[in-house]
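This report concerns only the one structure given below.
All chains are named by letter (A, B, ...) in the order of the sequence lines, taking the proteins before the strands, and each is independently numbered beginning at 1. Model, not experiment: these values are computed from the prediction.
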Amino acid sequence: MRVKFKIYRYQPEVREEPYFDTFEFDAEPTDRVLDGLNHIRWQMDGTLVLRRSCQQGICGSDAMRINGANRLACKVLIGDVGAKITIEPLMGFRVIKDLVVDMDDFFEQYRSVLPYMITEKPPPEVERLQSPAEREVYDDTTKCILCAACTTACPSFWSNRDFVGPAAIVQAHRFIFDSRDEGTDERLEVLGERDGVWRCRTIFNCTEACPRDIKITRAIGEVKKAIALKGA
Amino acid sequence: MSQPTNVGLRSWIGYRGGSGYLLWLLHRATGLGVLMFLALHIVNIFLLGFGEEVFNKLLYLYQAPWARAMEVFLLFGVTFHAMNGLRIIIQDAFPRAWLHQRRLVAVEVVLFLAVFLPAAWIMVADFLGGAG
Ligand code: SF4
Ligand code: FES
């Protein structure tokens, strides 16, 4: 099929203002959008800049806006989005070049929720046991690949870059509800602050955007509830 | 050198979220509308301080067709904002309700229409009947 890629370009050393470039070529409906972008890079315009690594939905580096919604370019088939495809960088981050955005703040927010196991008790002789039921509680949020599709789909984040964002809350959830972890109070403290979970307005854009189908709004709701019950 | 991504009004409207996003945009718009009405309302009452005549003249103004049409919008705004607010409260109180987001949205829309349509009909019929 004949496809038309309309791509957001920002090449500060060439042009001060961002602009759109259009590329037309033949592709298979079963090609992924990322294959199209690779084709452009390799055959048509080597100056196109984007991030990608694994090309199989694991590394989370190629989240971008595809026809208006955040998706991983390597997980979307051209046949599913149609012959006319508009590609833009994630919203809310500063654009460094073309589709590459500055994610420093994103990882700063990620670190702010202490995304690692915190334990006080001395380690047991063998291992810290956990029942399947206890594991199940946070199973969903272990699937996150930190692609930022959720955070940059969130209107609360667009209007306030200090909002910790859904991705960081998902990561916090993964530890808050882990029975072996003992850092819950600290995390709830961080997330209970002004730019924590309460900025979430239950809009569901994050959940719709997540390439891992994580029920993000639900996870955020559970954290909100934990904070509210703690204060009660 | 890098520049902020364009998150102006156009990209807000351009983002393709789900039904939750549309409802949220409407929620904001109706919230603002109701707030503006409230401000207007307070100003109106305040005008009573300038005497009965001024106040009556103003009330007369609200009999005009455009004002009656605005009332239907107000009804829309208040009803929608209330219904959507209730759905969000339910979803915030019971995170598990996530699993039924689409169903809750459907229920909300049905309830909203069930309240709004008859009420709007009564208002419009009254207005048309009154004008004719
Ligand atoms: S929760 Fe989903 S959308 Fe958000 S960063 Fe993780 S994988 Fe990406
Ligand atoms: S390239 Fe790794 S997730 Fe798409």
Would A:R201 and B:R28 count as a side-chain contact (heavy atoms from CB on, under 4.5 Å) here? Give the steps.
CA-CA 11 Å; A:R201 301 285 187 264; B:R28 284 274 150 125; 3.4 Å; yes

Does A:F20 have more than 12 heavy atoms from other residues, nucleotides or ligands lying within 6.0 Å of its CZ?
yes

Distance col, row A:T202:OG1 vs B:D92:CG, nearest 0.5 angstrom, shows 3.5 Å

Given the options B:H27, B:R96, B:R87, which has more heavy-atom pairs under 4.5 Å with chain A than any of the others?
B:R96

Apply the test salt bridge (Lys or Arg N to Asp or Glu O under 4.0 Å) to residues B:R102 and A:E208: give CA-CA distance (whole Å), side-chain angles for both, the deciding distance (0.1 Å), then the verdict.
CA-CA 12 Å; B:R102 298 238 160 84; A:E208 305 264 355; 3.4 Å; yes

Counting only heavy atoms not in B:M123 (residues, nucleotides, ligands), do more than 12 fall under 6.0 Å from its CE?
yes

Would the number of heavy atoms belonging to other residues, nucleotides or ligands and lying under 6.0 Å from CD of A:E189 be above 12?
no

Determine whether more than 12 heavy atoms belonging to other residues, nucleotides or ligands lie under 6.0 Å from atom CZ of B:F94.
no

Go through the atoms of B:A97 and report whether side chain, backbone, both or neither lie under 4.5 Å from a heavy atom of chain A.
neither

Could you check whether atom NZ of A:K143 has more than 12 heavy atoms from other residues, nucleotides or ligands sitting under 6.0 Å from it?
yes

How long is the straight-line distance from CD1 of A:I66 back to CZ of B:R16, given to the nearest 0.5 Å?
11.5 Å

Pick from A:G221, A:C200, A:P155 with the largest number of heavy-atom pairs that fall under 4.5 Å of chain B
A:P155

Interface moiety of A:S159 toward chain B, non-hydrogen atoms closer than 4.5 Å:
both

When A:K97, A:K225, A:E88 are compared by non-hydrogen pairs under 4.5 Å with chain B, the top option
A:K225

To the closest 0.5 Å, what do you measure between CD (B:Q91) and OG1 (A:T217)?
8.0 Å

Please confirm whether B:Y15 and A:W158 have ring centers closer than 6.0 angstrom.
yes

As an exercise, state the distance from OH of B:Y21 to SG of A:C154, rounded to the nearest 0.5 Å.
10.0 Å

Please check if the number of heavy atoms outside A:M1 that lie under 6.0 Å from its CE is greater than 12.
yes

